[in-house]
Amino acid sequence: MLTANVFVNIPVKSIARAYTYSVPAELSYLEAGWRVFVPFGGRKVEGFIVSVAEKTAEELGDMAGKLKPIEAAVDEEPWFSDKMLQAAQWLADFYLCSLAEMMRLFMPGKSGIKITVIYQSVPEQANHLLLAMPAYRAVYDCLSAGEGLSRGEIGKALPDYKTDLPQILDKLCQYGILSKEYQAGKREKARYEKFAQLLAEVTPELLAEFKRKKAQQHLLEVLSAAEQGQMAFAALKAQKITTATIHNLAEAGLIQIRQRRVLRDSYKDTELTCQPQINLTLDQNKAIEAMTPFLSEGKHHGFLLKGVTGSGKTQVYIEMAKKARAKGRQVVVLVPEIALTGQVVLAFKAYFPDDIVVMHSRLSLSERNDAVVRVRRGGAGIVIGARSALFTPLDNIGLIIMDEEQDMSYKQDESPRYHAKVVAEELAKIHQAVLLLGSATPSLESYYRTQQGELTLLTMPKRIGDMPLPVVQCVDMRQELRMGNRHILSRPLQLLIEQTMAKGQQIIIMLNRRGFSTFVMCRSCGEVIKCKLCALPLVYHKNGKLSCHHCDVTEPVPDVCPKCSSRYIKYFGSGTEKLEQELHQIVPSARVIRMDRDTTNTKFAHQEILQKFREKQYDILLGTQMVAKGHDIPNVTAVGIISADSSLNLPDFRAAERCFMLITQTAGRAGRHGTQGKVIIQTYNPEHYAVTCGIAQDYEGFYEQEMVLRQGLFYPPFSRIVKLLFQHEEENNAKGNAQKLVIAFNEHFAGAKGQQIIGPSPAVIARFRGIYRFVVLIKTTDLPAVQEFLREQQLHLRADVAIDIDPIAML
DNA sequence: ACTAAAGAACTC
DNA sequence: AGTTCTTTAGTG
């Protein structure tokens with residue numbers, strides 16, 4: 001019998017294994033990689049075939065009689081290639097998650113199908129006692145009238161019973177009065193456009209026949225000029241040609257109205273404003289020469305391109321992409337945030353106008369699907385986007401570029417908690433592709449790996465045209481306070497703003513906190529108002545609401561303190577909203593635009609804000625760290641960083657690294673075109689090496705000092721970290737389970753070097769929705785051994801434990 | 001995640 | 001006893 005091993009697309013750890021199905025004769029063409037529709041339990045779900053095998057009854061053993069047949073195929077071709085399956089399997093093993101959970105990342109949307117339940121009446125039960133009730137009778141009669149309807153359709157037909165329809169339907173199914181059927185439909189919608197196709201040759205004689213039908217004559221002329229005599233209705237409409245005219249001409253048999261699929265692409269009309277750089281610098285050439293042999297021979301290798309801001313890393317990316325495309329291989333270009341795709345698309349479009357698709361999670365499902373279709377048809381070979389672009393179905397990747405490789409947003413912070421760098425590296429290995437990590441300030445991990453010889457370091461230390469780096473000035477905020485300035489804005493920064501505006505130039509100001517006030521406290525009893533779900537302080541926003549930046553929950557500001565009923569409630573700390581207000585007061589003539597998560601909810605909000613700023617409609621761009629990333633605005637000559645060190649006091653071993661990178665990156669935004677920029681950094685820790693090295697743009701200096709600390713504390717890159725989060729309603733159970741694991745770990749690794757386990761300790765959000773959370777941290781030099789140990793302990797199958805490999809937040 | 005079956009609580 | 005709500009096991 002022909003059988004298939006199938007992983008069902010259900011994200012539950014306890015069923016993270018293959019189930020065997022029989023393959024009916026009419027589906028005998030199915031192979032590994034196909035998405036299918038299968039019966040599972042009492043319902044039908046999507047599944048992924050991972051292998052197909054001919055099996056005898058003996059081989060099947062006692063399962064022989066229990067096999068259910070695969071119902072249908074979801075697509076017309078296999079969705080997962082062998083390489084994709086291989087990558088998904090490796091990643092599932094590495095991150096200790098289920099294969100299905102990993103595989104569903106390789107599709108746009110979590111599932112390829114939408115399953116609807118269709119209810120049908122059972123005729124034999126027409127006189128069931130339960131149907132004496134009017135509501136039940138109405139539903140039954142409604143279904144008896146026609147074919148069978150979904151819940152939504154019944155609700156539409158019987159609006160009176162809509163509210164308790166679910167209960168009615170459940171009940172009727174329970175008694176067998178109604179039957180259920182599961183129907184799978186495509187989730188995404190293909191879009192079509194109508195177009196006119198010219199059938200005849202347009203000769204002067206033919207046009208003469210339409211002397212008295214001017215509109216149709218015009219249409220003929222337009223179509224004869226068009227490519228292949230085809231033109232979309234939308235384009236014709238733009239030329240004031242009505243559908244009536246088109247239909248008339250179709251009646252006459254001279255044209256044909258047809259339909260074709262259009263692939264949506266909201267980046268299609270990106271204007272080509274980028275000037276191609278013609279002469280490469282010496283450094284650029286060196287970098288390209290180092291990588292080219294590997295690309296030409298189709299050999300995997302990893303490179304770290306360390307180039308200061310303005311050294312022309314993008315041009316290196318483009319040159320390498322050209323070479324990969326010339327060999328017929330595909331290219332993936334990753335950026336840390338969706339907002340930065342526009343920038344890269346712009347640069348690449350100048351060289352590859354039609355060879356690009358954009359892929360990220362803010363696109364609609366259909367749009368992502370259209371992008372996949374374009375890639376599959378060979379309509380584009382360069383995928384640009386955020387993390388999720390890595391999972392585009394590509395069969396021949398030659399080059400993976402990861403810009404700003406140090407950026408923490410490359411780590412997915414929900415399950416499966418993968419790091420794009422790990423995925424990129426594994427894909428590069430499987431495809432024998434070149435991996436190119438780019439950064440001005442590489443992560444300590446990557447830089448360390450170049451010293452270990454695992455990656456090849458390429459450097460570009462000079463800015464193009466040898467432009468000077470900006471002048472950086474540090475302002476000690478303690479000093480400011482002593483001088484009597486209690487504003488967020490120091491006087492030197494205020495002065496810089498005024499001077500810059502006087503010259504007609506622009507300023508970027510970065511404050512790493514959104515909202516108005518960072519916490520709200522009662523002055524009588526000291527109670528800080530906290531989120532009901534996670535107990536973290538709520539942030540006050542100017543719209544009068546308190547919001548939790550962790551759970552995205554908002555609530556109104558209470559009139560009196562919830563603890564002591566005092567009316568003395570005050571706002572402390574400052575965010576971007578408050579700074580915006582203060583700027584208006586201190587520099588009334590300044591036109592300020594704010595960019596943070598609150599003002600960038602829509603797909604193109606980032607681009608719109610930056611565009612307005614670029615067009616000089618505003619003087620000051622004020623925002624959170626997103627203003628520090630990758631934008632190049634010529635007229636910006638000054639940058640202010642409000643509290644560069646706010647992260648230094650966090651309980652995170654990467655605090656110093658974060659602070660250093662924030663300063664270097666933000667400072668890099670100033671003065672990229674001719675004029676030397678000026679940067680002011682406000683800090684309470686002017687002596688800290690992260691601040692001093694940041695100001696001096698001294699990566700090596702920072703690296704050396706930080707590495708000493710990391711080694712002393714056995715932190716990455718000298719170890720790798722695995723975070724385990726234990727959750728339980730009972731505090732003691734959560735803690736006890738964690739404790740048990742710690743004991744088992746110590747037993748297992750007794751005497752082994754390079755293994756350390758810490759905890760359990762309460763998580764930052766110690767209690768979430770009534771569930772207690774404890775954290776255990778493992779530091780190891782032998783990650784595979786730890787992964788193996790966790791698998792032995794069956795930890796990856798437990799619903800109450802979340803495993804995070806290479807976590808970003810420790811607690 | 002969802003279903004179906006088994007068990008516990010509740011109504012009459 | 002009959003019904004309804006809750007818990008639990010199992011999905012090929």
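Residue numbers begin at 1 in each chain, while the letters A, B, ... track the order of the sequences.
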In whole angstrom, what separates [X]'s [atom1] from [N]'s [atom2]?
X	N	atom1	atom2	answer
A/Ile70	C/dG12	CD1	P	13 Å
A/Lys66	C/dT11	NZ	P	6 Å
A/Ile115	B/dC2	CD1	P	10 Å
A/Ile10	B/dC2	CD1	P	8 Å
A/Ile15	B/dA1	CD1	P	9 Å
A/Lys114	B/dA1	NZ	P	19 Å
A/Phe37	C/dG12	CZ	C1'	16 Å
A/Glu46	C/dT11	CD	C1'	17 Å

Inset, instruction - Kindly compute the distance separating CG (A/Leu165) from OH (A/Tyr119), expressed to the nearest 0.5 Å. - result: 8.0 Å

Legend entry - Rounded distance (nearest 0.5 Å) linking atom CD1 of A/Ile118 with atom CG of A/Leu149: 7.5 Å

Inset, instruction - Among A/Phe48, A/Phe7, A/Trp34, find the one that has a ring pair (Phe, Tyr, Trp, His ring centres under 6.0 Å) with A/Phe80. - result: A/Phe48

Legend entry - DNA chain B contacts made by residues 18-34 of chain A, counting heavy atoms under 4.0 Å: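 Going residue by residue through residues 18-34 of chain A, none turns out to have a heavy atom under 4.0 Å of DNA chain B.
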
Legend entry - Beyond-backbone contact of A/Ile721 with A/Pro807, side-chain heavy atoms, under 4.5 angstrom: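 When only atoms from C-beta onward are counted, A/Pro807 and A/Ile721 do touch, with a gap below 4.5 Å.
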
Inset, instruction - Could you check if a side-chain atom of A/Leu60 sits within less than 4.5 angstrom of a side-chain atom of A/Met1, using non-hydrogen atoms only? - result: yes

Inset, instruction - Give the intermediate values and the outcome of side-chain hydrogen bond (donor to acceptor under 3.5 Å, both in side chains) for residues A/Thr20 and A/Asn5. - result: CA-CA 5 Å; A/Thr20 312; A/Asn5 281 329; 3.2 Å; yes

Legend entry - Proximity to the side chain of A/Ser14 - top-ranked nucleotide from C/dT11, B/dC2, C/dG12: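 Comparing C/dT11, B/dC2, C/dG12 against the side chain of A/Ser14, the answer is C/dT11.
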
Inset, instruction - Among the candidates C/dG12, B/dT3, B/dA1, find the nucleotide nearest to the side-chain atoms of A/Lys68. - result: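 Within the option list, the nearest is C/dG12.
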
Inset, instruction - Mind checking A/Lys171 for me? I need base, sugar-phosphate or nothing, with any heavy atom below 4.0 Å counting as a touch. - result: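 Here A/Lys171 touches the backbone only, sparing every base.
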
Inset, instruction - Give A/Tyr182 one of three labels, base, sugar-phosphate or nothing, depending on what nucleic acid heavy atoms sit under 4.0 Å from its own. - result: sugar-phosphate

Inset, instruction - Assess the side chains of A/Asp782 and A/Thr780: does a donor N or O sit below 3.5 Å from an acceptor N or O? - result: no

